[in-house]
Amino acid sequence: MFYANLKGHVEALLFINGDPVPAGQLAEILNVDKVNIEEIVAQLKEDMDTSERGLTIIKVAGGYQLCTKPELAAIVEKMAQVLDNKLSVPAMETLSIIAFKQPITKQEIENIRGVRVDRVLMKLIDRLLVKELGRKKVIGRPILYGTTEEFLKCFGLDNIEDLPLLPDAVYAE
Amino acid sequence: MFYANLKGHVEALLFINGDPVPAGQLAEILNVDKVNIEEIVAQLKEDMDTSERGLTIIKVAGGYQLCTKPELAAIVEKMAQVLDNKLSVPAMETLSIIAFKQPITKQEIENIRGVRVDRVLMKLIDRLLVKELGRKKVIGRPILYGTTEEFLKCFGLDNIEDLPLLPDAVYAE
Amino acid sequence: MLDYEIKLDAFEGPLDLLMHLIEKNKIDIYDIPIAVLTEQYIEYLDRFQEFNIEIASEFLVMAATLLQIKSRILLPKVKKTEDETDIEDELDPRQELIDRLLEYRRFKEVSEILDQLAEEQEKLFFRSPTLIPVQYLPPTNLDIQLLLEAFHSVLEANADHTSLVSREKFSVQDKMADIIFLLDKQAGTILFTDAFTRSGTKNEFITTFLALLELMKLKTVTIKQTQPFSPIYINRRSEE
């Protein structure tokens with residue numbers, strides 16, 4: 001392959017960056033087209049996945065990110081301080097409503113869940129999974145909420161369109 | 001080699017740990033002898049160095065650390081470079097004063113522009129367009145500024161003498 | 001007896017409790033036997049041992065809603081006049097509740113899918129970014145003509161001053177501002193001599209001295225010298 005020599009470059013750039021790096025940025029730095037980057041990354045990922053490497057590449061939050069292979073989780077956890085970051089059931093439900101219905105107001109979330117969500121919402125904002133998007137143009141101008149880039153990272157989504165389809169077509173508004 | 005299957009494990013462990021990891025710690029996590037770790041790392045490093053990888057392993061501060069290959073330093077540095085495409089009007093004006101009047105002190109620039117130029121000057125230095133040339137031999141020994149080679153490149157000049165002559169002799173002090 | 005240990009917050013809300021009852025009794029969600037459901041729901045509420053007013057109110061509102069739906073079903077249909085067709089009457093009184101339950105169930109299912117996604121993602125480990133100092137590159141494609149124009153505009157803006165009031169290069173006002181600026185930059189204290197180190201012309205020295213006197217008069221600064229020939233300091237008076 002023509003750009004095979006750039007595989008190492010891409011790997012080094014992803015390594016240094018830590019966070020997801022958009023293909024466009026890699027293309028600019030390496031002075032090639034975005035489509036070339038996609039090819040290089042695909043091949044690099046295949047190299048990694050088919051060999052005894054400990055790392056792989058994922059596409060998340062609009063960029064490529066280097067990470068450890070999922071099958072090594074047990075080993076890596078021995079070293080990493082793994083915090084129990086699991087979201088509670090109410091938090092997860094609230095988050096899914098926001099994810100699919102954004103932008104959405106607190107009142108609208110409460111209508112769906114049937115309970116107050118103030119505390120859960122605060123928690124989601126604290127965890128950087130949800131943010132304010134602006135205000136709805138109705139009486140009272142309530143705050144509209146939506147998901148963040150951190151949300152995409154937590155759920156391994158490249159962008160918000162990657163969310164799984166809602167199970168019930170009846171409600172597809 | 002017996003422990004070849006642990007190469008990926010070692011790589012993953014070094015990856016998530018930004019700091020050097022002592023062989024003893026790796027041995028403990030992977031449940032092998034320290035000497036095995038040394039062999040695994042040596043082979044992993046050789047794999048990395050002999051292939052088109054962007055990473056390598058160094059032994060530093062009593063441990064092993066994953067890092068980018070030294071020959072990729074120039075590429076990696078590009079990651080942190082920001083291209084500033086436009087100069088603001090104040091920046092352009094200050095730059096023109098420096099270009100035509102160099103070497104010049106900050107105070108002298110301020111006398112001409114009638115405003116403080118500290119921030120603009122910092123920006124021009126950050127953008128590699130202006131540099132310090134030395135100090136003026138007057139009380140306080142203020143810093144003298146002038147243009148850089150980057151400046152010439154940006155304006156398509158061969159050397160500073162290619163700057164157009166000033167039309168008005170009045171201002172040539 | 002186990003039933004009596006049921007706690008209100010075991011359910012996330014009235015909808016959660018309703019879903020629990022629907023699943024427990026294998027009720028068809030599209031055809032809810034409202035009387036049975038209402039009865040069981042209220043029975044559950046009665047059994048709740050602890051009664052947190054704030055949480056309970058949400059459950060009570062639902063109980064009221066259920067009772068209302070029940071009564072609307074039991075009421076004989078109002079006879080309509082020929083022209084009038086009351087749309088509300090034609091709707092199943094349960095429909096709104098069914099819609100809410102379906103929507104609630106849908107998000108419960110979705111949250112489980114998201115939960116799995118998060119679990120997959122938690123198997124991946126990342127590394128924190130390496131900090132590389134940001135380096136700004138010079139702009140591209142600058143034109144020498146622009147530079148020249150910029151210089152001309154500077155000269156034009158400056159023309160009046162230089163030709164007419166060239167001797168007023170240093171005004172007392174400017175120097176006062178200068179000294180204050182220096183003081184602010186240096187945490188309120190500068191050396192007396194620092195106030196004078198600029199272009200070094202006699203004109204400027206005089207202006208600076210006048211500016212300093214003015215600042216003292218305004219009680220903006222104080223001058224201190226601990227003993228003869230020791231350094232003189234200018235201090236900014238803190239504003240009380």
Side-chain angles (χ1 to χ4, degrees), chain A residues 1-22 24-32 37 40-41 43-58 63-82, chain B residues 1-22 24-32 37 40-41 43-44 46-57 63-83 85:
Chain A
M1 194 191 156
F2 189 56
Y3 287 115
N5 62 319
L6 291 184
K7 280 192 290 187
H9 293 58
V10 169
E11 187 183 28
L13 290 172
L14 295 182
F15 176 81
I16 287 297
N17 213 290
D19 288 323
V21 188
Q25 198 185 344
L26 292 171
E28 207 176 297
I29 292 170
L30 296 173
N31 207 16
V32 295
I37 292 295
I40 295 165
V41 169
Q43 219 189 317
L44 181 58
K45 183 176 162 57
E46 200 185 308
D47 291 354
M48 290 171 148
D49 290 349
T50 54
S51 67
E52 278 159 346
R53 303 252 345 232
L55 309 178
T56 186
I57 295 173
I58 54 164
Y64 296 111
Q65 191 171 18
L66 214 56
C67 62
T68 57
K69 283 184 178 169
E71 58 265 35
L72 296 177
I75 290 291
V76 173
E77 267 175 28
K78 283 192 188 173
M79 174 169 272
Q81 278 199 329
V82 181
Chain B
M1 194 192 155
F2 190 56
Y3 287 116
N5 63 317
L6 291 184
K7 281 193 291 187
H9 294 58
V10 169
E11 187 182 28
L13 290 172
L14 294 181
F15 173 78
I16 58 151
N17 216 307
D19 297 320
V21 188
Q25 197 185 346
L26 292 170
E28 203 177 303
I29 292 170
L30 296 173
N31 207 16
V32 294
I37 292 294
I40 296 165
V41 170
Q43 217 189 319
L44 182 57
E46 201 186 307
D47 290 354
M48 289 172 148
D49 291 348
T50 53
S51 68
E52 279 160 345
R53 302 252 346 231
L55 308 178
T56 185
I57 295 172
Y64 298 111
Q65 189 172 14
L66 211 58
C67 63
T68 56
K69 283 186 178 168
E71 60 265 34
L72 296 177
I75 290 292
V76 168
E77 268 169 31
K78 272 197 179 176
M79 194 100 216
Q81 290 176 340
V82 181
L83 189 68
N85 266 319

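In what follows, chains are A, B, ... by sequence order, proteins preceding strands, each numbered from 1. Here the structure is a predicted model, which means the values were calculated and not measured.
- Across A/V76 and B/A12, no two heavy atoms sit closer than the pair CG2-CB, 3.9 Å.
- Listed by chain and number, the residues in a side chain to side chain contact (heavy atoms under 4.5 Å, CB included) with B/P20 are B/V60, B/A61, B/Q65 (sequence neighbours excluded).
- For a heavy-atom cut-off of 4.5 Å, chain B lies close to A/E52, A/R53, A/G54, A/L55 in residues 49-56 of chain A.
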For residues 25-32 of chain B, please give each side-chain donor-acceptor pair under 3.5 Å, one per line with the distance, not counting sequence neighbours.
none

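- Evaluation of the side chain to side chain contact (heavy atoms under 4.5 Å, CB included) rule for A/N17 yields A/D19, A/V21, B/M79 as partners, not counting sequence neighbours.
- Among A/H9, A/E71, A/K7, the residue with the largest count of heavy-atom pairs under 4.5 Å with chain B is A/H9.
- Between the CD1 atom in A/I16 and the OG1 atom in B/T68 there is a gap of 4.5 Å [rounded to 0.5 Å].
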